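All values reported here derive from a predicted model rather than from experimental measurement.
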Amino acid sequence: MNAIAASLADSATMMRRNFRHTMRNPLTLLNAIIMPIFVMFLMVYVLGGAFSVGTDYVDYATPGMIIMTIGYGIGPTATGVNSDMTTGFINRLRVMDVSRAAVLNAHVIATMLRTLVAIAFIIGVAFLMGFSPSASFPEWLGAIGIVVLTVLAISWLTIAAGLAAKSPESAGILGVPLMLLPFLSSAFVPADKMGPGARQFAEYQPFTPIIETLRGFLTGTPSTGTALTAAAWCVGLALIGYLWARATFTKRA
Amino acid sequence: MNGSAIVASGLRKAYKDKIVLDGIDLDVQTGTIFALLGPNGAGKTTTVNVLTTLLAPDAGKVVVAGHDVATETKAVRAAIGVTGQFASVDDLLTGEENLLMMADLLHLPKAEGKRIADRLLDRFDLVEAASKPAASYSGGMRRKLDLAMTLVGDPQIIFLDEPTTGLDPRSRRTMWEIIRELVADGTTIFLTTQYLEEADELANRIAVLDQGRLVAEGTADELKRRVPGSHVRLRFTDRHELDVAARVLHESTRDDEELTLRVPGDGGVRSLRELLDRLDAQSIEVEELSVHTPDLDDVFLALTGHGNKEISAR
Ligand SMILES: Nc1ncnc2c1ncn2[C@@H]1O[C@H](COP(=O)(O)OP(=O)(O)O)[C@@H](O)[C@H]1O
Ligand SMILES: [Mg+2]
């Protein structure tokens, strides 16, 4: 069997394993779906009325909610990858000459699928709450594109951090900053309504351009500049995560 | 089957300024059990990681199954199986699924993988538990499944890092039996342990590792002899014989009540013969002779000066 066929076969085996994990531990998927919906209700029905954002609040908040949903989907990946590392499972695979790509790609794909399923749910709930996007078909493609790119970047970062973390417990809290960062972006409140320190932070952190891009696509008012900034952030973060994961996988025994 | 399965020379490894391996030389003969004995933190796992291609040493050369670990990693990996210190089974998969996953990763045909998995489940007495998730297994069952997973690929050389740590005595005995069966089939076993009894029980050769250095190497008996405290005890029929013998063997210490002499020695055959020759030359009658060698616990204490207890927390 040549190297590529072997790597593909191994990827399929590892994918099957990850799929079984999700099926046997459905709470992880449920959590990834339900928690963001809960926050969405809170934002729109409880807090939303307090902000005037110039449009329907659900229209304003949905892009931020979509991005925030990613943070709720990655916890199991970080703990799973980390316990593979700390229990010696990855060492076993390395000694068996299972390709690094197979192990890591399977985790990336599983994370992306779980997260994208949760995002589909949150969009569904948004529609039920009156979300009315005015995106054309190409703009929808753009919106999907930026979401997938963001999920890819965060998946790689999560896997790298999960590999590097000391214990599954410390890996498990990796998702927390990602659940909080959107609050310090333009996700729920326009940046110019924030206090001075928070405003600066919101302007420069990656979630702001990403959420603005998504919002632009969904409201039919995309801005090329912001979209390029967002895409650059995603590609950069994905690359960092990818290289970091590769290096940690090889080095840590 | 002859020759070396594992040869390591001059292994060194340091993390920052902490020296973990300080010049390790090893030679493990094919088809034998070799035990690396040492307390927690001695560097056993680090040694296993280096020998199994998982960790590059700072210096030194390792040849496993005739292949250089640094340059022929693939060939080495094809020849070895490793069971790490912590059972690396997938808790959410069943025992059978764990084994089949290994077969898939080894790219075995489906039917063959199934056949091997069934055989291993049967051999390790896991048939009943085969379709239960590994999370529900006892410590002993997990260890067995872990080892079974290593055996799917039928490796020539197996590394077992503390295979019985944390097991109850019965599971430990089962594990020992399994290990003995493996060598009987011609496999080479490199195991690490904190238990002197285990090394004594299983290993053809033992190396004692302490703070990154090998402080002794040999068979269990050789090690026991290397330790001061070996002595020959001679018992005599009467006081007169004891007096004569004590004069001849002036290095001995006497016990008048027991009518015995305790003669220090290395416990080896040659020194014993010399001793008997000296007694014969004076026509001294010995009623009873016994050779006392210290057990491995004494060995460890004597060789390292601090006994076989945990010297450093991880
Ligand atoms: N990655 C690491 N970084 C720093 N120190 C380490 C690392 N791995 C092991 N050590 C240290 O090396 C020593 C030997 O560890 P190890 O080989 O695990 O010992 P053993 O398996 O005999 O208990 C210990 O003091 C441990 O703290
Ligand atoms: Mg160890």
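Other residues, nucleotides and ligands contribute over 12 non-hydrogen atoms within 6.0 Å of the CZ atom of A:F183. The number of heavy-atom neighbours closer than 6.0 Å to CZ of A:F188, taken from other residues, nucleotides and ligands shown, is above 12. Around atom CD1 of A:I4, no more than 12 heavy atoms belonging to other residues, nucleotides or ligands sit under 6.0 Å away. Within a 6.0 Å radius of CG in B:D118, more than 12 heavy atoms belonging to other residues, nucleotides or ligands are found.
Chain A forms more heavy-atom pairs under 4.5 Å with one residue of B:M149, B:M102, B:M101, B:R77 than with any other, namely B:R77. Counting heavy-atom pairs under 4.5 Å between each of A:V98, A:T13, A:V95, A:T86 and chain B puts A:V95 at the top. Among the candidates A:M96, A:R16, A:M23, A:H21, the residue making the largest number of heavy-atom pairs closer than 4.5 Å to chain B is A:H21. Of the listed residues (B:I80, B:D146, B:T52), the one with the most heavy-atom contacts under 4.5 Å to chain A is B:D146. Heavy-atom pairs under 4.5 Å with chain A were tallied for B:V76, B:T53, B:V82; the largest tally goes to B:V82.
Proximity to chain A (any heavy atom under 4.5 Å) is restricted, for B:A87, to the backbone atoms N, CA, C and O. Neither the backbone nor the side chain of A:I90 has a heavy atom closer than 4.5 Å to any heavy atom of chain B. For B:T150, the parts sitting under 4.5 Å from any heavy atom of chain A are the backbone and the side chain alike. With a 4.5 Å cut-off on non-hydrogen atoms, B:D91 does not touch chain A at all.
A donor-acceptor pair shorter than 3.5 Å can be found between the side chains of A:R114 and A:T77.
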Side-chain donor/acceptor pairs under 3.5 Å, residues 144-157 of chain A, sequence neighbours excluded:
unit_1	atom_1	unit_2	atom_2	d
A:T150	OG1	A:I146	O	2.6
A:S155	OG	A:V151	O	2.7

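At least one donor-acceptor pair under 3.5 Å links the side chain of B:T73 to the backbone N or O of B:V69.
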